[in-house]
J.: 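Questions regarding the structure given below will be posed in turn.
Lettering of chains follows the sequences in order, A, B, ..., and the numbering in each one begins at 1. These figures come from a predicted structure and were not determined experimentally.
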Amino acid sequence: MLQQTRVAVVAERYQEFLRRFPTLVSLALAPEQDVLAVWSGLGYYRRARMLHKAAQFVSTNLGGNLPAKAEELKLLPGIGAYTAAAVASIAHGEAVAVVDGNVERVLCRIAGWEAGSRKGGGAALRRKIEELARRLLDRARPGDWNQAMMELGATVCTPRNPQCMACPLMKECKTRGEHKTPRRAPMTSRVVAYALSVRTSTAPGKRRGPSMREVLLEQRPAEVTVMPGMWELPALLHSEVPATELRMTVRHAIMQVNYYARIRTVFEDDAAAITAAGGERRWVSLREAAGMALTGLTRKVLVRAHLVAMPAAEAIARRRGRAVV
DNA sequence: TATCCGTGGAT
DNA sequence: TATCCAAGGAT
């Protein structure tokens, strides 16, 4: 979860994930859609799929025992150099150096190297960074050292406005926090529209059964590159939405694109006519929808429309006012 | 090797 | 409001 995702965000979702999948075997045996559902809103869903596959591999081929060595951990799907080193050093005390985005920035500033401003040469610089990380590593307490390096980058040697006056390495640092980072592509904006179609249905076979509300959802095809297999509100072909049918507008940033999503109230009868062709489309009870692999945008809309309750972890965090590790 | 994959919090 | 970018990995 911590791959490219902030600690504060993960802290909310981590406990929920462990409650749902308390053991490696329970994760391995779960349907992929259930894993994605618990991951819903965290993004980078490939991480969830690979974690699932890793659990299955360990369960099937390694007798359920997760490797302890970094070199063996690296063989599992979704575990690269960073995660392997982090687990091996922190959990098992192996003397391997962690290089994450924070460490890379810290070391480049200390050594006076310029990171990635030129295309190419990235691999050579990367090797120098890893070599320096290995050389500096406290081999007696590798886990603590690695966490300290990452924490230094996260709290003091920050990308912008580094707190050099509070830095224990100020005297050793070549750059005192000056550090050119490569220019990023500018953000773009896109206006899109989705159908929010809700109907009330009665349980079949019951004369006066309890009615329940259902929402129309669509599953993204398995072939798409973005969020395959996830469920979302049906996309509309046209972004123009009459004011009377505009339920809400949601901004949803994905990578470098700001999506301004217009949510259109759609009556049941019209839904089929105006939705774009996609994957499977299903009427789903609100209760069921809350536990499905929804995209972040869809989850956000359903919560804001008071159709599904806020996920428990979010509600708790909001009550406390802050995420708690 | 450059690119792609999601999201939300900080600034 | 707009921009940046995070405890990366696979392809």
J.: Give a yes-or-no answer on whether the side chains of A:Thr5 and A:Arg47 include a donor-acceptor pair shorter than 3.5 Å.
T.: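 The answer is yes; a qualifying pair exists.
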
J.: Ignoring hydrogens and angles, does a donor from either the side chain of A:Thr5 or the base of B:dG6 sit under 3.5 Å from an acceptor on the other?
T.: yes

J.: How close or far is atom C1' of C:dT1 from atom CG of A:Asn258, stated in whole angstroms?
T.: 10 Å

J.: When rounded to the nearest Å, what value does the distance between P atoms of C:dG9 and B:dG8 take?
T.: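 Here C:dG9 and B:dG8 have their P atoms 22 Å from each other.
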
J.: Given atom CD of A:Gln4 and atom P of B:dG9, what is their separation to the nearest angstrom?
T.: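 Spelled out: CD on A:Gln4 to P on B:dG9 is 17 Å.
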
J.: Under the criterion side-chain hydrogen bond (donor to acceptor under 3.5 Å, both in side chains), which of A:Arg287, A:Arg199, A:Arg282 is the partner of A:Glu214?
T.: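 Running side-chain hydrogen bond (donor to acceptor under 3.5 Å, both in side chains) over A:Arg287, A:Arg199, A:Arg282 with A:Glu214 returns exactly one hit, A:Arg199.
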
J.: For the side chain of A:Ile254, counting heavy atoms from C-beta on, which of B:dG8, C:dG8, B:dG6 is nearest?
T.: B:dG6

J.: Which nucleotide wins on minimum distance to the side chain of A:Gln3, given the candidates C:dT3, C:dG8, C:dA7?
T.: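 That would be C:dG8.
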
J.: For a quick check of understanding: with a heavy-atom distance under 4.0 Å over all strands, which category does A:Pro77 fall into, base, sugar-phosphate or nothing?
T.: sugar-phosphate

J.: If you look at every strand shown and take non-hydrogen atoms under 4.0 Å, does A:Met227 touch a base, only sugar-phosphate, or nothing?
T.: sugar-phosphate

J.: Please say which of A:Glu280, A:Met230, A:Arg281 ends up in a side-chain contact (heavy atoms from CB on, under 4.5 Å) with A:Glu218.
T.: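 Single pass found, and it is A:Arg281.
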
J.: Under 4.0 Å between a side-chain N/O of A:His252 and OP1 or OP2 of B:dG6, yes or no?
T.: no

J.: In whole angstroms, how far is the P atom of B:dG8 from the CD atom of A:Glu12?
T.: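 Taking CD of A:Glu12 and P of B:dG8, I get 10 Å after rounding.
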
J.: Have a look at A:Tyr259 and say if it touches a base, only the backbone sugar-phosphate, or nothing, with a 4.0 Å heavy-atom cut-off.
T.: nothing

J.: So which nucleotide from B:dG6, C:dA2, C:dA7 ends up closest to the side chain of A:Asn102?
T.: C:dA7

J.: Whole-Å distance between C:dC5 P and A:Glu104 CD?
T.: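 Roughly 13 Å, once rounded to whole Å.
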
J.: Give none if C:dG9 has no partner; otherwise give the nucleotide forming a Watson-Crick or G-U wobble pair with it, both distances under 3.5 Å.
T.: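 Because both required distances fall under 3.5 Å, C:dG9 counts as paired with B:dC4.
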
J.: Report the distance from atom CG of A:Leu42 to atom P of B:dG6, rounded to the nearest whole Å.
T.: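 My rounded result for the distance is 12 Å.
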
J.: Which of these passes side-chain hydrogen bond (donor to acceptor under 3.5 Å, both in side chains) with A:Glu130: A:Arg127, A:Arg134, A:Arg126?
T.: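 Answer after filtering A:Arg127, A:Arg134, A:Arg126: A:Arg126.
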
J.: Would you kindly give the CG-to-P distance between A:Leu51 and C:dG8, to the nearest whole Å?
T.: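 Distance, rounded to whole Å: 16 Å.
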
J.: What is the distance, to the nearest angstrom, from the CZ atom on A:Arg13 to the C1' atom on B:dG6?
T.: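 Between C1' of B:dG6 and CZ of A:Arg13: 12 Å.
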
J.: Can you sort out the partners of A:Val156 under side chain to side chain contact (heavy atoms under 4.5 Å, CB included), two or more places apart, ordered by chain and number?
T.: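 For A:Val156, the residues satisfying side chain to side chain contact (heavy atoms under 4.5 Å, CB included) (neighbours in sequence not counted) are A:Leu152, A:Gln163, A:Cys167.
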
J.: I want to verify a distance call: between B:dG8, B:dG6, B:dC5, whose nearest atom is closest to the A:Ala253 side chain?
T.: B:dG8

J.: Where each residue is assigned the nucleotide of DNA chain B containing its nearest heavy atom, which of A:Tyr44 and A:Lys300 is assigned the position nearer the 5′ end?
T.: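 So the residue in question is A:Tyr44.
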
J.: Around atom CD of A:Gln33, are there more than 12 heavy atoms from other residues, nucleotides or ligands closer than 6.0 Å?
T.: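 Yes.
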
J.: Measure from CZ on A:Arg47 to P on C:dA7 and round the result to the nearest Å.
T.: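 For the pair A:Arg47 CZ and C:dA7 P, the rounded distance is 12 Å.
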
J.: Name the closest nucleotide to the A:Arg105 side chain, picking from C:dA6, B:dT1, B:dG6.
T.: C:dA6

J.: Measure from the side chain of A:Met255, starting at C-beta and using heavy atoms only, and say which of B:dG6, C:dA2, C:dA6 lies closest.
T.: B:dG6

J.: For A:Arg13 and A:Val38, indicate whether the former's side chain and the latter's backbone hold a donor-acceptor pair under 3.5 Å.
T.: yes

J.: Output yes when at least one side-chain N/O atom of A:Thr295 is less than 4.0 Å from OP1 or OP2 of B:dG6, else no.
T.: no

J.: Is there a donor on the side chain of A:Tyr82 or the base of C:dG8 sitting less than 3.5 Å from an acceptor on the other?
T.: no

J.: Does A:Arg6 contact C:dC5 through a side-chain donor or acceptor facing the base, at a distance under 3.5 Å?
T.: yes

J.: What's the gap between B:dA2 and C:dA7 when it is taken at their P atoms, as a whole Å value?
T.: 24 Å

J.: Look at A:Arg299 and B:dG8 and indicate whether a side-chain polar atom (N or O) is within less than 4.0 Å of OP1 or OP2.
T.: yes

J.: Using atom P in both nucleotides, what's the gap between C:dT3 and B:dG6 to the nearest angstrom?
T.: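 It works out to 22 Å between them.
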
